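All chains are named by letter (A, B, ...) in the order of the sequence lines, taking the proteins before the strands, and each is independently numbered beginning at 1. Since the model is a prediction, treat every value here as computed from it, not as a measurement.
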There are 2 protein chains.
Amino acid sequence: MGVAGRRELEEEAGLRNVFLEQLYTFGAVDRDPRERVVSVAYYALVKLADFSTKAATDAADARWFPISKVPRLAFDHANILATALTRLKGKVRYQPIGFELLPPKFTLSQLQHLYEAVLETNLDKRNFRKKVLGFDLLLPLKETQMAGRHRPAQLFRFDTDKYAKLKKRGFNFEL
Amino acid sequence: MGVAGRRELEEEAGLRNVFLEQLYTFGAVDRDPRERVVSVAYYALVKLADFSTKAATDAADARWFPISKVPRLAFDHANILATALTRLKGKVRYQPIGFELLPPKFTLSQLQHLYEAVLETNLDKRNFRKKVLGFDLLLPLKETQMAGRHRPAQLFRFDTDKYAKLKKRGFNFEL
DNA sequence: TCAAAAGTGTTTTCTGTACACCCATGC
DNA sequence: GCATGGGTGTACAGAAAACACTTTTGA
């Protein structure tokens, strides 16, 4: 499923291997029922780095907005966006999709900031680390990341194989 | 949304006021792509009592199966059913949809059996009652139900108004 | 009086949350 | 040496889980 959407994304925006999920199918009831438009909406999670390089050049009219600054949208598009955000907030709590939005190597702080942004809350650093490391899905690398004049941060990568196995066994992640 | 599906249900099966939710939109990729069939699937929760009376007469070819005994289904229908079951199991945990499947007056044991069936587990009687009554969404009636040679059971009804209000405030139910 | 389901509290374990200080680095 | 974000452990409270006996009825 979502094959067409995936191909679209790939051809139009040059993005592959992104998290892509069907959102909802919207039927515009308020228009002429004989000429009814039905939109099967998908949403994707795209790393900002990927987007700004490849996609920005290929799909010239695509743009990037912070949630708080999205302009007025045509038709029911605002509604669709709202649906997507609600879904994302719900989904992020029991499925570790946060990792889709980070580069392959990332620090725990980056991950935390991401979750804080999506959930629109603040999280306790120690508790966050405790919990997320407790899932045993993050592999510490031998590298660190130096960014600014402070202690370098440990880099991790997400263990997709392990995650796939646990998911098959009906494992439950709750952040 | 789901207006058409609701009308269908009402006209074809004579069922109204049932819980109806969009499930997923299935595109049959494996058929000829130019003559592609796209199915927007919905699922509904129907009280067995309603179904066997009204619906059974109107929609003559509709039948009722226990999950374990559903016959082989055509096309991708088995896949659709599996999707619905997964969704139901997930949904039942944070939204009290169990009540949709019971008559207006019901006992706590009935409710518990329902949850056990859907979740495919056993639940502790005392813990279940404690939790479910803790939500303060069940109103005890002055009636009891006698069914068999044992102590009669207290009947309850679900407080839909209160639920609607709590839901608006972003309340979180977790069973 | 027996079988069968209804009903009821307490203890223990686990999970979530709050909270403060040292560390490594660049300037 | 100081500013900045990285990194760590413990104590407390509330939630979840385990657990066994009495009650009411029909036969």
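Looking at heavy atoms from C-beta onward, Glu120(A) lies in side-chain contact with Lys89(A) at the 4.5 angstrom threshold. Side-chain contact between Leu119(A) and Arg93(A) is present, with heavy atoms from C-beta onward closer than 4.5 Å. Within the 4.5 Å cutoff, the side chain of Val37(B) has no heavy atoms near those of the Phe75(B) side chain. In this structure, the side chains of Leu138(B) and Leu108(B) come closer than 4.5 Å at one or more pairs of heavy atoms.
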Take nucleotides 9-18 of chain D nucleotide by nucleotide from the 5' end and write B, S or -, depending on whether a protein heavy atom sits under 4.0 Å from the base, only from the sugar-phosphate, or from neither. BB-----SBB
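Looking only at distances, a side-chain donor or acceptor of Asp124(B) sits under 3.5 Å from a matching main-chain atom of Asn127(B). Under a 3.5 Å cut-off, the side chain of Arg87(B) and the backbone N or O of Leu23(B) do form a donor-acceptor pair.
The CZ atom of Phe128(B) sits 13 Å away from the P atom of dG7(C) (whole-angstrom rounding). Leu123(A) has its CG atom 13 Å from the C1' atom of dG16(C), to the nearest Å. dG6(D) atom P lies 9 Å from atom CD of Gln112(A), rounded to whole Å. Taking atom NZ of Lys125(A) as the reference point, atom P of dG5(D) lies 10 Å away to the nearest angstrom. Straight-line distance from the CD atom of Gln145(B) to the P atom of dT24(D): 18 Å, rounded to whole Å. As a whole-Å value, the separation of Arg129(A) CZ from dG6(D) P is 7 Å.
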Produce the list of close N/O pairs, under 3.5 Å, pairing protein atoms with atoms of nucleotides 22-25 of chain C; give distances to one decimal.
| unit_1 | atom_1 | unit_2 | atom_2 | d |
| --- | --- | --- | --- | --- |
| dC23(C) | O4' | Arg151(A) | NH1 | 3.3 |
| dA24(C) | N3 | Arg151(A) | N | 3.0 |
| dT25(C) | O2 | Arg149(A) | O | 3.0 |
| dT25(C) | O2 | His150(A) | N | 3.2 |

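Residues passing the ring-ring contact (aromatic ring centres under 6.0 Å, His included) test with Tyr163(B), sequence neighbours excluded: Phe158(B), Phe173(B).
Between Ser109(B) and dA5(C) there is no side-chain N or O to OP1 or OP2 distance below 4.0 Å.
Relative ring orientation between Tyr115(B) and Phe99(B) is described as perpendicular, the plane-to-plane angle rising above 60° on a 0-90° scale split at 30° and 60°.
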